[in-house]
Amino acid sequence: MPVLSSLTVNNALRLVVDHCNQLKDKDLSSEVVSLRESYGRILAESVYLDTDQPPFDRSMRDGYAVLSEDIQKLPARLKYLGEVKAGEVSSLRLKKGEALQIMTGAPVPAGADAVVMVEYTERPNSDEVTILKSSISKSNIALKGSERKVGDLLVSKGDRLGSIELGGLASVGKSQISLFKRPTVGILATGDELVEVDEKPGPGQIRNSNAYLLYSQVLKMGGIPKILQTATDNIKDLTNQINKGLRNDVLLISGGVSMGKYDLVEPVMSELGIQIYFESVTMRPGKPTVFARKGKQFVFGLPGNPVSTFVAFELFVNPVLKTLQGLGPGTHPIMRGRLEREVIEKSGRTTFLPAVVADRGGGVKVDPVPWKGSADIFSMVGANGLIVVPLETERLSPGDLVDIILFEQMDNFPQCTF
Ligand code: AMP
Ligand code: MG
């Protein structure tokens, strides 16, 4: 097996993104889903307005529909004709000197060209209305088609559905909608030392935490995680399990990709015809990350140490899962914040340091957690970001503006005051 040289993070990311960009629309699958199940998912169809909006001249207020020419001299006494509620269409045509009580959302009756708010009217008796404020033509009326026209674009293929989009789709009657399928992601932990989470590790054993770490990351990215049975460090077992894992759109293999005698994942990949594109990235943590493909399937060999696995996923698996859902292969957005304490980093690699990122007023603050390296997931509990220390940087000082990848929401914001 040829040894591939270590890539910079940028070059490795570019390679992953290039592979994502090679995927065409026809490589992505779609499915029809009930609108209720569609929140947060990506549209596989564009949707257009099925009617003008509003679909009729709509009263914007509770009040009286009138002819504006009747109410230029005040007070104006008009004949009361009756009422029109939301959901009704009045069969009456308003003539000079007449008024019809109207509710918000009701169609303005023929003949009327303005609505006067009820606050500016009086009812001297049951047959009359007195108008106390003049209005120009079209006052308080949303004219048919004034917001949007039938056939106008509402949402485009590739858009993510938020609450507003769902509301819009419901308005145009889309109870079923075509969405890109969520990619299935096989998660294969490897290692003779692993026991399952509900087991007590014997001497020399540890629990398989990576499967859970990755499971949640896949969910967060909109994929469907499928945990496979853990593979031992044995060629036959690895071959079987990797083969099973290849039934998914993406296969994540954790462990077995370093330099140890029993790190057998790469030779097994090659044996199975999985093409390896990189096997080392100049980064800390996460150096022995493997990116590979077999046909349409994407395969990642993630380093066994939990923090390495986590960081490698955030960097390299994210763009693939986005692409497979019909979003572009966007990488993590970079935020900036002020460092709270000094960082010394002499690994000679691009380094991703766990940190707590918060804004308690006065801008985004970045506090690196005391962290003991790639196996130390415990010190990361509560961290929500990674400080990006560039390749050539050895020291960062308190107050420096640093790049951050935010992998969880920032919980600490100043409160709104209105
Ligand atoms: P490896 O890359 O297989 O040499 O693993 C590197 C380190 O990560 C070792 O200390 C492993 O025990 C640990 N490790 C591997 N797989 C897992 C896992 N699924 N959960 C937690 N730790 C793991
Ligand atoms: Mg191992």
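By convention here, the first residue in the shown sequence is residue 1. For ligands, and for the atoms within them, numbers begin at 1 and follow the listed sequence.
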(message) Set out, in order, the CA-CA distance, both residues' side-chain angles and the distance that settles side-chain hydrogen bond (donor to acceptor under 3.5 Å, both in side chains) for Ser397 and Glu342, then state yes or no.
(response) CA-CA 5 Å; Ser397 305; Glu342 184 183 53; 5.4 Å; no
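When hydrogens are left out, the protein atom nearest atom 17 (C) of ligand 1 is Asn210 ND2, 3.3 Å; that is the closest non-hydrogen contact. Protein heavy atom in closest approach to atom 23 (C) of ligand 1: Gly304 O, 3.4 Å. What sits closest to atom 4 (O) of ligand 1 on the protein, heavy atoms only, is Asp263 OD1, 3.6 Å. In terms of protein heavy-atom proximity, atom 7 (C) of ligand 1 is closest to Asn305 OD1, 3.4 Å. Ranking the protein heavy atoms by distance from atom 19 (N) of ligand 1 puts Asn208 OD1, 2.9 Å first. The nearest heavy-atom contact from the protein to atom 21 (C) of ligand 1 is Ser209 OG, 3.3 Å.
With respect to the salt-bridge test (charged N to carboxylate O, under 4.0 angstrom), the residues Arg341 and Asp367 qualify. A salt bridge is defined here as a Lys NZ or Arg NE, NH1 or NH2 lying under 4.0 Å from an Asp or Glu carboxylate O, and Glu147 with Arg58 meets this definition.
Under 3.5 Å, the side chains of Ser156 and Ser46 contain no donor-acceptor pair of N or O atoms. Gln176 and Ser34 form no side-chain donor-acceptor contact under 3.5 Å, judged by distance and modelled atom types alone. A side-chain donor-acceptor contact under 3.5 Å links Gln217 and Glu314. Side chains of Thr121 and Glu119: a donor-acceptor N/O pair is absent below 3.5 angstrom, by distance only.
Here the side chains of Phe313 and Leu214 are in contact, with some heavy-atom distance below 4.5 Å.
Ring pair Phe291/Tyr277 is tilted by interplanar angle, where 30° to 60° counts as tilted. Between Phe298 and His19, the ring planes lie perpendicular to each other; the angle is over 60°, past the 30° to 60° tilted range.
The shortest N/O to N/O separation between Ile206 and ligand 1 does not fall below 3.5 Å. In terms of polar-atom proximity, Ala189 is not counted as a contact of ligand 1, lacking any N or O under 3.5 Å from an N or O of the ligand.
Each of the following atoms of ligand 1 lies closer than 4.0 Å to a heavy atom of Ser258: 2 (O). Close contacts between ligand 1 and Gly256 involve ligand atoms 1 (P), 2 (O), 3 (O) [criterion: under 4.0 Å to a heavy atom]. Those atoms of ligand 1 that come under 4.0 Å of a heavy atom in Glu193, given as number and element, are 11 (C), 12 (O), 15 (C). Atoms of ligand 1 found under 4.0 Å from any heavy atom of Arg207, numbered from 1 in the order shown, are 20 (N), 21 (C).
Distances shorter than 4.0 angstrom do not occur between any heavy atom of Gly260 and any atom of ligand 1. Distances from ligand 1 to the non-hydrogen atoms of Ser254 include at least one value under 4.0 Å. Under the 4.0 angstrom criterion for non-hydrogen atoms, Ala211 is not in contact with ligand 1.
The part of Leu194 lying near ligand 1 is the side chain, judged by heavy-atom distances below 4.0 Å.
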